[in-house]
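Report on the following structure.
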Amino acid sequence: MKKIITYGTFDLLHTGHINILRRAKELGDYLIVAISTDEFNAIKGKKAYYSYEQRKAILEAIRYVDLVIPENNWEQKVDDIKEYNVDVFVMGDDWKGKFDFLKDYCEVIYLPRTVGISTTKIKADLNKAKNV
Ligand code: C2G
């Protein structure tokens, strides 16, 4: 069984997230998503609209996702890859090159981001609409 892993906040779920989850699953048979905890988001300088529990429940409802685990820090990736016998690590190409050190443990693939959508843009557009 070919196992894939990817990491992220996945707040205000949108088609950019769905595209990368679908494409990641297409690379193998089993997709693990490590979703950033609220505490780790603070370390990343992000404040998610939805709590960790809500974001986890939403991801678990997606047909492409087989397992959701917490992402607590930057350092856990190697341990996760070993613990779950991961074959492929996948991230959007805004991260291109940043995780190449994982090539010692599994295949590393950066997939093109979906253009024109992001959680930040959704929040900005909603704020603009409010101020009209
Ligand atoms: N993504 C995408 N297209 C978009 C928006 C996001 O392909 N339009 C991808 C990102 O490249 C990432 C995933 O969706 O692979 C999740 O994006 P975020 O929730 O923004 O995750 P991020 O803050 O990049 O956290 O340790 C890694 C970090 O946890 C990644």
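Indexing begins at 1, ligand by ligand and atom by atom, following the structure's order.
- For ligand 1, one of its N or O atoms has an N or O atom of Lys44 under 3.5 Å away.
- Of the N or O atoms in Lys77, one or more lie within a sub-3.5 Å distance of an N or O in ligand 1.
- Atom numbering of ligand 1 starts at 1 in the shown order; those under 4.0 Å from a heavy atom of Trp95 are 24 (O), 30 (C).
- Ion pairing of Lys128 with Asp125 is present here, as a side-chain N (NZ or NE/NH1/NH2) and a carboxylate O approach within less than 4.0 Å.
- Within ligand 1, counting atoms from 1 as listed, the ones closer than 4.0 Å to a heavy atom of Ser36 are 29 (O).
- Proximity to Ile117 (heavy-atom distance under 4.0 Å) selects the following atoms of ligand 1: 4 (C), 8 (N).
- No option in Lys44, Arg55, Glu71 other than Lys44 meets the side chain to side chain donor-acceptor pair (under 3.5 Å) test with Thr9.
- Protein heavy atom at the shortest distance from atom 6 (C) of ligand 1 is Arg113 NH1, 3.6 Å.
- A donor-acceptor pair under 3.5 Å links the side-chain atoms of Asp38 to the main chain of Tyr52, judged by distance alone.
- Between Thr114 and ligand 1, at least one N/O pair is under 3.5 Å apart.
- Across all their heavy atoms, Thr114 and Arg23 have their closest contact at OG1-NH1, 4.3 Å.
- Within ligand 1, the atoms closer than 4.0 Å to a non-hydrogen atom of Tyr7 are 26 (O), 27 (C), 30 (C), numbered from 1 in the order shown.
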Take Trp95 and Tyr7 through the ring pair (Phe, Tyr, Trp, His ring centres under 6.0 Å) test and state the conclusion after the steps.
CA-CA 11 Å; Trp95 291 95; Tyr7 293 74; over 10 Å; no
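- For ligand 1, the polar-atom distance check against Val115 finds no nitrogen or oxygen pair separated by under 3.5 Å.
- Contact annotation: for Ile20 versus ligand 1, heavy atoms closer than 4.0 Å belong to the side chain alone.
- For ligand 1, the polar-atom distance check against Phe10 finds a nitrogen or oxygen pair separated by under 3.5 Å.
- Under a 4.0 Å criterion applied to the non-hydrogen atoms of Asp94, ligand 1 contributes the atoms 10 (C), 11 (O).
- Figure legend: Lys3 and Tyr30 shown as a cation-pi pair, the cationic atom lying under 6.0 angstrom from the six-membered ring centre and within 45 degrees of its axis.
- The distance criterion of under 3.5 Å between nitrogen or oxygen atoms is met by Lys46 with respect to ligand 1.
- Between Ser118 and ligand 1, not a single N/O pair is under 3.5 Å apart.
- Here the straight-line distance linking atom CD1 of Ile4 with atom OH of Tyr64 works out to 15.0 Å at 0.5 Å rounding.
- At the shortest separation from atom 26 (O) of ligand 1 among protein heavy atoms lies Glu71 OE2, 2.5 Å.
- Val90 has its side chain out of reach of Ile5: every pair of non-hydrogen atoms, C-beta onward, lies at least 4.5 Å apart.
- Atoms of ligand 1 found under 4.0 Å from any heavy atom of His14 (numbered from 1 in listed order, with element): 5 (C).
- Residues Phe10 and Ile62 form no side-chain contact, since every pair of their non-hydrogen atoms from C-beta on lies 4.5 Å or further apart.
- An N or O contact shorter than 3.5 Å is missing between Thr6 and ligand 1 by distance.
- Residues Phe89 and Glu107 are not in side-chain contact: their nearest non-hydrogen atoms beyond the backbone lie 4.5 Å or more apart.
- Interface atoms of ligand 1 facing Gly92, defined by a heavy-atom separation under 4.0 Å, are 11 (O), 15 (O).
- For Thr9, heavy-atom contacts with ligand 1 shorter than 4.0 Å involve the backbone as well as the side chain.
- The shortest side-chain heavy-atom distance between Asp66 and Ile32 does not fall under the 4.5 Å cut-off.
- When only interatomic distances are considered, the shortest N/O to N/O separation between Phe99 and ligand 1 does not fall below 3.5 Å.
- With no hydrogens or angles considered, no side-chain donor-acceptor pair links Lys46 and Ser36 at under 3.5 Å.
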